[in-house]
Chemist: 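This is the structure I have questions about; it appears just below.
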Amino acid sequence: MLIFYPFDITYKIKNDHAIIYLYGKTADNSRVCVTYTKFQPYFYAQTDASPIDIKKIRVPYAQGTAEIVDIQQVEKNFTGKSVRLLKIFTKLPQHVPIIKKELERSRTTCYEADILFTRRFLIDHRLTPLSAVQATGSFTNERSKVPVFEATELVSTETQRQPESRILAVDIETYNPGKGMNMEKYPIIMIAFYGLENSQPFKKVLTWKKFPVTNDYTEFVQGEFEMLQRFKEIIDEYKPDILTGYYSDGFDLPYIITRARKYQLQLDISLDYTVLDNDKRDIKEIKINGIVHLDIFQFVKHVIGRSLKTGSFKLDDVAAEILGERKHVVDMDALASVWDSQSDALAAYAEYNLQDAKITFDLCKKLLPNIEELAKIIGLPLFDVSRMSFSRLVESYIMTQTSVHNELIPNKPDDSSMANHRAKTYVGGFVYQPTPGLYENVAVFDFRSLYPTIIISHNISPSSLRCGCCNDVIAETKDWFCKKKKGFLPLVLEDIVTRRARIKELMKAGSNLMLESRSNALKLLANSFYGYLGFAPARWYSFESAENVTALGRQYIQQVIAAAQSSNFSVIYSDTDSIFMRLGEKSTADARSFVEKINATLPGVMELDYEGFYPAALFVSAKASSAGAKKKYAMLNEHGKLKIRGFETVRRNWSVVAKQMQLRVLEIILKEKDTKKAVAYTKELIRSIREHKIPVEQMLISTQLTRPIESYGSIGPHVAVARRIVQRGTPVPPGTIIHFVVAEGSGVVRDRAFAPDELGQRKYDADYYINNQILPSVDRILEVFGVDIKNESALHQQKSLSAFFG
DNA sequence: TTTTTGCGGGG
DNA sequence: GTGTACGCAAAAA
């Protein structure tokens with residue numbers, strides 16, 4: 001008997017039979033491989049044909065003949081109804097699509113024929129990666145880098161202490177003269193590793209030219225071939241559970257594989273000696289049997305990217321935000337020539353290489369708890385969850401729950417259904433447009449998890465839609481959902497919410513990283529549910545469900561608005577799930593009791609939260625309209641902090657002086673409620689700019705080049721500056737941020753834009769900055785108070801601020 | 001204007 | 001591996 005924690009799974013065909021291979025660790029931290037031979041591939045068919053006739057089907061194909069080994073009759077739930085199906089077992093996994101295609105030639109619909117064999121195994125045996133599994137059986141002498149245990153029985157068991165994973169990060173530097181990459185032509189010149197060995201950092205940089213170093217981690221080898229051999233050895237010796245890289249699916253590992261093939265070097269780092277091979281598809285995923293290859297870039301892009309402030313997923317930007325640590329700065333364009341001249345400067349590149357491996361390691365370590373908890377909840381290996389988008393994570397979770405509820409998994413929509421799904425649109429959240437103005441004593445309410453709670457409380461799902469037993473019609477859509485029998489999807493979502501509530505309770509008693517990560521993973525799944533229903537390629541796509549979720553959302557928010565108004569609160573603004581209202585004569589206690597009153601009327605788990613009280617709030621008008629702008633406001637909370645949404649204060653392509661000024665004007669208005677002071681401040685700043693008293697650093701405007709410099713048709717100021725930088729011999733690749741100042745003179749702006757070091761004795765163009773940076777950043781704010789800052793003569797006509805408080 | 005292509009990440 | 005991203009911006013039609 002053996003208890004182990006699986007983290008990787010694959011299967012192999014031996015003697016015309018599929019064998020499952022589970023790789024994992026035992027509680028005492030040793031690596032093990034557990035095999036299982038008794039799992040048979042299958043799918044479902046809905047057909048009038050007799051099982052006896054079907055069982056005779058034989059389909060020859062390139063590698064043999066596809067055969068059916070057994071057929072069972074089963075019943076499953078499908079969109080609220082019970083359906084009779086044949087469960088068809090085939091000899092090998094690859095026979096499933098072949099037999100399925102044959103059956104579909106004769107009025108037969110097949111289901112679950114595209115569920116991968118290893119996933120099917122995990123779902124059916126209720127085995128969860130990283131959770132303890134008890135195996136009965138014995139060790140064999142199969143050739144492998146870790147002991148192989150052949151199991152006759154596998155049962156998931158009470159989780160003990162999950163062993164910690166050994167992580168090794170890898171990063172390569174390549175010889176790359178000119179532009180573009182060429183893996184076939186140019187060699188790898190350095191490979192860096194970063195790990196942890198007995199709580200000490202494990203550092204190593206391999207390279208094949210000698211240069212003086214002051215560190216002990218650089219190892220010099222004969223040439224690229226020897227370096228690749230050492231790469232293999234180091235991985236075999238370090239014995240990582242997780243091999244991590246940044247874009248290693250698309251760059252580092254394909255590069256290493258391509259170079260190894262050139263030397264006919266067998267890259268057999270897999271625990272079963274399988275030689276690594278390039279993925280030939282568009283979507284590269286490099287799998288190493290027995291070692292989890294985690295490409296951190298994939299997880300960042302698919303899962304946490306949306307919650308990051310940085311729009312760029314470059315290693316430098318992501319590490320800066322998540323770790324507060326950056327890449328080293330070296331001139332990458334010069335690497336090839338430095339390498340050719342064997343310069344001492346190569347030492348700096350070795351340090352750069354190691355730093356990349358280090359921050360990749362740190363990112364992996366930091367994000368691993370989140371990936372592990374997702375893997376445990378969804379029941380898929382780390383390799384898979386780390387590469388999945390939100391919708392696929394939700395879908396995989398729902399798929400694991402089908403076996404609990406005896407539900408049949410719907411097929412993926414075909415191309416034409418998907419096109420139909422995409423073509424249909426429905427109305428989104430309700431927005432109550434604000435009237436521009438400064439408001440005092442504002443209370444903000446919001447619905448806690450509005451869409452998930454609507455789905456649960458109203459039983460929104462395809463199987464409960466327009467049932468035969470109920471008739472509680474949703475006013476706007478004339479649809480209804482069953483009140484008696486809970487649908488499969490709302491049950492699954494309710495379970496997620498309940499599990500998260502339990503974890504929140506545990507966290508009150510004592511929080512830890514695992515509970516936090518688990519709570520985050522469940523929150524992510526719950527919040528993705530509504531989006532999944534309206535996602536065109538979703539198996540459980542349901543236009544009516546998605547449409548009715550937003551319809552009910554609008555209905556509830558409008559009910560709250562109406563109730564607030566009849567209780568003499570005046571509503572200022574509302575967007576989808578939040579309501580902003582002026583207290584007027586009422587107190588915050590009145591606001592809280594209003595929330596209680598509303599909650600007494602809400603069904604199921606729906607709940608309105610009292611989000612907070614704000615002594616002052618400013619709403620400005622939208623461009624070219626007197627109506628208030630959506631999602632653009634500034635508020636002052638009770639602790640004197642500003643909450644700013646939608647203003648330009650954070651945008652890069654505004655000068656520091658304009659951003660600071662906008663922030664200061666908002667502060668004066670919200671904290672001191674003194675429009676005259678704000679106007680005076682603005683005029684004073686304009687005067688300082690006119691007199692060139694503001695340092696030029698504050699005048700820098702930063703714009704990112706999004707394309708190669710040659711490809712720009714219209715030459716903006718940043719392009720003009722970039723062109724001159726190129727002329728001086730420094731390449732300016734796409735993504736470079738160009739800083740420039742607009743100087744005095746005649747002609748178009750682009751002829752007067754200069755990089756800071758080109759500026760010399762030139763002065764910045766005060767009028768340009770006043771008209772294009774200062775005034776646009778404050779005129780919409782001051783306009784609220786009747787101040788036309790663009791027309792100075794109008795400054796005398798300003799109303800007193802008190803006129804704006806009711 | 002609509003449709004098609006190509007990029008991101010990596011050196 | 002019982003499979004074939006995705007969402008957007010720029011270029012082309």
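Reminder, nothing fancy here: chain letters follow the sequence lines and each chain counts from 1. Atoms considered below: every heavy atom in the structure, side chains included; atoms not considered: hydrogens, waters and symmetry mates.
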Chemist: Could you pull out all residues at least two apart from A:Lys365 that satisfy salt bridge (Lys or Arg N to Asp or Glu O under 4.0 Å)?
Modeler: A:Glu164

Chemist: Should we say atom NZ of A:Lys209 is surrounded by more than 12 heavy atoms from elsewhere, each under 6.0 Å from it?
Modeler: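 For A:Lys209, atom NZ is crowded (more than 12 foreign heavy atoms under 6.0 Å).
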
Chemist: Just the rounded figure in Å: distance from P of B:dG8 to NZ of A:Lys314.
Modeler: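 So the NZ-P distance, A:Lys314 to B:dG8, works out to 7 Å.
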
Chemist: Please confirm whether A:Lys203 makes a cation-pi placement over A:Tyr194, using NZ or CZ under 6.0 Å from the six-membered ring centre and within 45° of the ring normal.
Modeler: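 A:Lys203 over A:Tyr194 ring: no.
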
Chemist: So, under a plain 3.5 Å distance rule, would you say the side chain of A:Tyr247 forms a donor-acceptor pair with the base of B:dG10?
Modeler: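 It does not, because no donor-acceptor pair links the side chain of A:Tyr247 to the base of B:dG10 below 3.5 Å.
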
Chemist: According to side chain to side chain contact (heavy atoms under 4.5 Å, CB included), who are the partners of A:His125, at least two apart in sequence or on a separate chain?
Modeler: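 With neighbours one apart ignored, the set is A:Tyr36, A:Phe39, A:Phe121, A:Leu127.
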
Chemist: What pairs of nitrogen or oxygen atoms, one from the protein and one from nucleotides 3-5 of chain C, lie under 3.5 Å apart?
Modeler:
| residue | atom | partner | partner atom | Å |
| --- | --- | --- | --- | --- |
| C:dG3 | N1 | A:Arg281 | NH1 | 2.7 |
| C:dG3 | N2 | A:Arg281 | NH1 | 3.3 |
| C:dT4 | OP1 | A:Lys412 | NZ | 3.4 |
| C:dA5 | N1 | A:Lys301 | NZ | 3.1 |

Chemist: Whole-Å distance between B:dG10 C1' and A:Asp316 CG?
Modeler: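 Whole-Å distance recorded here is 13 Å.
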
Chemist: Taking only the C1' atom of each, what is the distance from C:dT2 to B:dG9 in whole angstrom?
Modeler: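 Here C:dT2 and B:dG9 have their C1' atoms 31 Å from each other.
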
Chemist: Find the distance A:Ile189:CD1 to B:dG11:C1' and express it as a whole number of Å.
Modeler: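 Those two atoms, CD1 and C1', are 9 Å apart.
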
Chemist: Whole Å only: how far is the CG atom of A:Asp249 from the P atom of B:dG8?
Modeler: 17 Å

Chemist: So what does A:Lys12 touch, heavy atoms closer than 4.0 Å: a base, only the sugar-phosphate, or nothing?
Modeler: nothing

Chemist: Please state how far atom CG in A:Asn353 lies from atom P in B:dG10, giving the value in whole angstrom units.
Modeler: 14 Å

Chemist: In whole angstroms, how far is the P atom of B:dG9 from the CZ atom of A:Arg387?
Modeler: 18 Å

Chemist: If we take the P atom in both C:dT4 and B:dG6, what is their distance in whole Å?
Modeler: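 So the two P atoms sit 23 Å from each other.
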
Chemist: I need the CG-P distance between A:Asp124 and C:dT2, as an integer number of Å.
Modeler: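 Interatomic distance, CG of A:Asp124 to P of C:dT2: 14 Å.
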
Chemist: Mind checking if A:Asp295 touches a base, just sugar-phosphate, or nothing, with heavy atoms under 4.0 Å?
Modeler: nothing

Chemist: Looking at every strand, decide which applies to A:Tyr42 at a 4.0 Å heavy-atom threshold: base, sugar-phosphate, or nothing.
Modeler: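 Base, at least one base atom sits under 4.0 Å.
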
Chemist: Is A:Gln298 touching bases, backbone alone, or none of the nucleic acid, heavy atoms closer than 4.0 Å?
Modeler: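 A:Gln298: no heavy atom of the nucleic acid under 4.0 Å.
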
Chemist: Output all residues satisfying ring-ring contact (aromatic ring centres under 6.0 Å, His included) with A:Phe7, sequence neighbours left out; order by chain, then residue number.
Modeler: none

Chemist: Under the rule for side chain to side chain donor-acceptor pair (under 3.5 Å), what residues qualify as partners of A:Lys631, not counting sequence neighbours?
Modeler: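 Residues passing side chain to side chain donor-acceptor pair (under 3.5 Å) with A:Lys631: A:Asp575.
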
Chemist: By the 4.0 Å heavy-atom rule, please label A:Asp331 as base, sugar-phosphate, or nothing.
Modeler: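 Result for A:Asp331 = nothing.
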
Chemist: Can you check whether A:Leu228's main-chain N or O pairs, donor with acceptor, with A:Arg259's side chain at less than 3.5 Å?
Modeler: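 Pair absent, no side-chain N/O of A:Arg259 close to backbone of A:Leu228.
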
Chemist: Please state the C1' separation for the pair C:dG3 and B:dC7 - nearest whole angstrom.
Modeler: 24 Å

Chemist: Can you say whether the rings of A:Trp208 and A:Trp339 are parallel (under 30°), tilted (30 to 60°) or perpendicular (over 60°)?
Modeler: perpendicular

Chemist: With respect to the side chain of A:Val96, which nucleotide from C:dT2, B:dG10, C:dC6 is positioned closest?
Modeler: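 Output: C:dT2.
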
Chemist: In terms of side-chain heavy atoms of A:Leu315, which of B:dG11, C:dG1, B:dG10 is nearest?
Modeler: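 Closest of the options to the side chain of A:Leu315: B:dG10.
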
Chemist: Just call it for A:Ile172: base, sugar-phosphate, or nothing, with non-hydrogen atoms closer than 4.0 Å on any strand.
Modeler: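 Sugar-phosphate only.
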
Chemist: Between C:dC6 atom P and A:Leu393 atom CG, what is the distance in whole Å?
Modeler: 12 Å

Chemist: Are there runs of at least three consecutive Watson-Crick or G-U pairs touching DNA chain C, with each pair's two distances under 3.5 angstrom? Give them by first number.
Modeler: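 B:1-8 with C:6-13 - these are the stems of 3 or more pairs that involve DNA chain C.
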
Chemist: Against the six-membered ring of A:Phe383, is A:Lys287 placed for a cation-pi contact (under 6.0 Å from the centre, within 45° of the normal)?
Modeler: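 Yes, A:Lys287 and A:Phe383 form such a contact.
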
Chemist: Which part of the nucleic acid does A:Phe313 contact within heavy-atom distance under 4.0 Å: base, sugar-phosphate only, or nothing?
Modeler: sugar-phosphate

Chemist: Looking only at the side chain of A:Pro93 (C-beta and beyond, no hydrogens), which of the listed nucleotides C:dG7, B:dG11, C:dT2 gets closest?
Modeler: C:dT2

Chemist: Have A:Asn176 and A:Thr174 got a donor and an acceptor in their side chains that come within less than 3.5 Å?
Modeler: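 Side chains of A:Asn176 and A:Thr174: no pair found under 3.5 Å.
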
Chemist: A:Met181 near the nucleic acid: base, sugar-phosphate alone, or nothing, with a heavy-atom cut-off under 4.0 Å?
Modeler: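 Counting heavy atoms under 4.0 Å across all strands, the contact made by A:Met181 includes a base.
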
Chemist: Is the cationic atom of A:Lys87 (NZ for Lys, CZ for Arg) positioned less than 6.0 Å from the six-membered ring centroid of A:Tyr44 and within 45 degrees of its normal?
Modeler: no

